[in-house]
Amino acid sequence: MRSAADQPLVRNPGVSFDASWFDALRVNLSAVERRVATLGARRSVKKDAQAAWLLKAVTCIDLTTLSGDDTAGRVRRLCAKARQPVRADLLDALGIDSGTPSASPSLHTGAVCVYHRFVATAVDALAGSGIPVAAVSTGFPAGLIPHEFKLNEIAASVADGAEEIDIVVTREHVLTGNWQALYDEVRDFRKACGNAHLKAILATGDIQTLSNIARASMVCMMAGADFIKTSTGKEGVNATLAVSLVMVRAIRDYHERTGWRVGFKPAGGVSTAKSVLNYLILMKEELGRRWLEPDLFRIGASSLLADIERQLEHHASGRYSAFHRHPLA
């Protein structure tokens with residue numbers, strides 16, 4: 001029998017637009033809050049099991065730098081961290097194969113996420129590692145540039161070697177209920193991506209209601225998104241468990257309707273090992289074991305990795321180290 005990780009993933013091709021799938025959809029906020037409150041209470045992940053879950057989380061991180069002062073040197077250092085996200089001596093203490101200096105480590109992050117300006121730099125730094133480069137695109141983070149510019153930006157990132165494109169949707173389409181326009185936009189983005197996988201960022205902190213989030217999630221999946229993603233990380237409110245529950249329930253509904261699996265990426269605010277465990281539990285309980293693999297689950301983060309390393313060191317040695325001993329770049 002195949003393990004969950006061995007089950008092949010076929011890309012979501014999308015379906016024809018059909019507003020009847022979501023027109024009557026309403027989200028019960030109280031029920032969402034009650035469900036979310038159970039995530040950390042019903043399960044207690046400790047000791048070896050916790051270390052294993054945290055190592056799984058590392059493989060699902062999109063290690064990200066999206067700052068105005070990014071440089072090629074910073075991106076190269078981030079790529080080096082993506083190749084070896086946990087110190088070799090710590091992996092040895094945990095009994096984990098850390099790879100060899102001449103080969104790709106057996107443990108690495110899910111991707112490295114950068115602006116288009118640094119796609120070629122990251123592709124070069126990650127050559128031979130098997131780690132894809134994700135580019136934020138379509139006028140990230142606001143998404144308010146002309147549509148043709150968005151398509152050109154996607155094409156340029158793909159030409160530079162990006163294997164994943166994180167696009168931002170036009171929030172106005174969601175806020176005004178223009179679902180056909182949202183579908184058409186994402187469909188164009190999917191076509192421009194070609195073989196590169198498309199992650200649709202909903203900017204959940206900007207689109208106001210959980211019902212809007214559920215509808216926008218469904219429309220993006222209908223248009224062919226490979227992933228739906230909570231946030232740019234630049235909004236006032238980014239990933240939350242309540243928003244994530246609504247989005248993964250939409251993924252489950254879409255899978256039940258079509259048979260296609262779509263991935264999920266929380267981004268912004270997932271910065272501690274404790275918080276990421278709740279997201280792993282959410283994915284396991286709501287979607288099943290198959291959605292704990294990096295082809296269907298990613299976490300947009302940077303400082304999260306340092307805290308995971310600290311927790312793993314505590315598990316191995318019984319002592320907490322200073323945060324600065326686990327630099328990202």
Does any part of the side chain of [Y], heavy atoms only, come nearer than 4.5 Å to the side chain of [X], both counted from C-beta?
{"X": "T71", "Y": "D69", "result": "no"}
{"X": "W291", "Y": "V248", "result": "no"}
{"X": "V114", "Y": "D70", "result": "no"}
{"X": "F140", "Y": "K234", "result": "yes"}
{"X": "T138", "Y": "I145", "result": "no"}
{"X": "N28", "Y": "L210", "result": "no"}
{"X": "E293", "Y": "T59", "result": "no"}

Honestly curious: do [X] and [Y] fall in one hydrophobic cluster under the side-chain, below-4.5 Å linking rule?
{"X": "V237", "Y": "V243", "answer": "no"}
{"X": "M222", "Y": "V168", "answer": "no"}
{"X": "W260", "Y": "L9", "answer": "yes"}
{"X": "V75", "Y": "I61", "answer": "yes"}
{"X": "L144", "Y": "F189", "answer": "no"}

- Could you give all pairs that pass the ring pair (Phe, Tyr, Trp, His ring centres under 6.0 Å) test and reach residues 196-235, with sequence neighbours left out? none
Could you grab the distance from atom [atom1] of [X] to atom [atom2] of [Y], nearest 0.5 Å is fine?
{"X": "L39", "Y": "L282", "atom1": "CG", "atom2": "CG", "result": "5.5 Å"}
{"X": "Y115", "Y": "S67", "atom1": "OH", "atom2": "OG", "result": "7.5 Å"}
{"X": "D160", "Y": "F118", "atom1": "CG", "atom2": "CZ", "result": "12.5 Å"}
{"X": "H173", "Y": "I207", "atom1": "NE2", "atom2": "CD1", "result": "12.5 Å"}
{"X": "M247", "Y": "T240", "atom1": "CE", "atom2": "OG1", "result": "10.0 Å"}
{"X": "C220", "Y": "D226", "atom1": "SG", "atom2": "CG", "result": "12.0 Å"}

- Item | Candidate pair T176 and N178, rule side chain to side chain donor-acceptor pair (under 3.5 Å), full reasoning | CA-CA 6 Å; T176 60; N178 193 346; 5.1 Å; no
- Should the pair R215 and W179 be classed as cation-pi, given the thresholds of under 6.0 Å to the six-membered ring centre and 45° from the axis? no
- Within 6.0 angstrom of N195 CG, more than 12 heavy atoms from elsewhere: no
- Message: Looking at E172, I want to see if its CD is surrounded by more than 12 non-hydrogen atoms of other residues, nucleotides or ligands under 6.0 Å.
- Response: no
Tell me if a side-chain donor or acceptor on [X] pairs with a main-chain N or O of [Y] at a distance below 3.5 Å.
{"X": "R83", "Y": "A125", "answer": "yes"}
{"X": "R187", "Y": "A223", "answer": "yes"}
{"X": "E153", "Y": "G139", "answer": "yes"}
{"X": "E309", "Y": "R87", "answer": "yes"}
{"X": "R190", "Y": "G224", "answer": "yes"}
{"X": "T38", "Y": "R35", "answer": "yes"}
{"X": "N238", "Y": "A267", "answer": "no"}
{"X": "R298", "Y": "P294", "answer": "yes"}
{"X": "Q84", "Y": "V86", "answer": "yes"}
{"X": "K284", "Y": "G288", "answer": "no"}

- Apply side-chain contact (heavy atoms from CB on, under 4.5 Å) to the pair E163 and V123, showing each step before the final yes or no. CA-CA 10 Å; E163 296 180 51; V123 169; over 6 Å; no
- Kindly determine whether E185 and D188 satisfy side-chain contact (heavy atoms from CB on, under 4.5 Å), including the steps that lead there. CA-CA 5 Å; E185 176 181 66; D188 284 350; 5.9 Å; no
- Check the pair Y279 / I299 against side-chain contact (heavy atoms from CB on, under 4.5 Å), numbers first and verdict last. CA-CA 9 Å; Y279 282 94; I299 308 138; 5.8 Å; no
- Test K229 against every option in D166, D62, T204 by the side chain to side chain donor-acceptor pair (under 3.5 Å) rule and name the one that passes. D166
Taking every non-hydrogen atom, the tightest pair across [X] and [Y]:
{"X": "T232", "Y": "P141", "value": "CG2-O, 3.8 Å"}
{"X": "A57", "Y": "I308", "value": "CB-CD1, 4.1 Å"}
{"X": "S217", "Y": "L202", "value": "OG-CD1, 3.3 Å"}
{"X": "L55", "Y": "L312", "value": "CD2-CD1, 3.8 Å"}
{"X": "S271", "Y": "S303", "value": "CB-OG, 3.6 Å"}
{"X": "A250", "Y": "A214", "value": "CB-O, 4.3 Å"}

- Query: What's the verdict on side-chain contact (heavy atoms from CB on, under 4.5 Å) for Y254 and V15, showing C-alpha distance, side-chain angles and the deciding distance?
  - Reply: CA-CA 10 Å; Y254 184 79; V15 298; 3.9 Å; yes
- Message: For N152 and E148, which I'm curious about, is there any donor-acceptor pair between the side chains at under 3.5 Å?
- Response: no
- Query: Side chains of S20 and D18: donor-acceptor distance under 3.5 Å anywhere?
  - Reply: yes
Salt bridge flag under 4.0 Å for residues [X] and [Y]:
{"X": "R257", "Y": "D253", "answer": "yes"}
{"X": "D307", "Y": "R310", "answer": "yes"}
{"X": "K265", "Y": "E164", "answer": "no"}
{"X": "R261", "Y": "D295", "answer": "no"}

- What class does the angle between the rings of F264 and F297 fall in, given that below 30° is parallel, 30 to 60° is tilted and above 60° is perpendicular? parallel
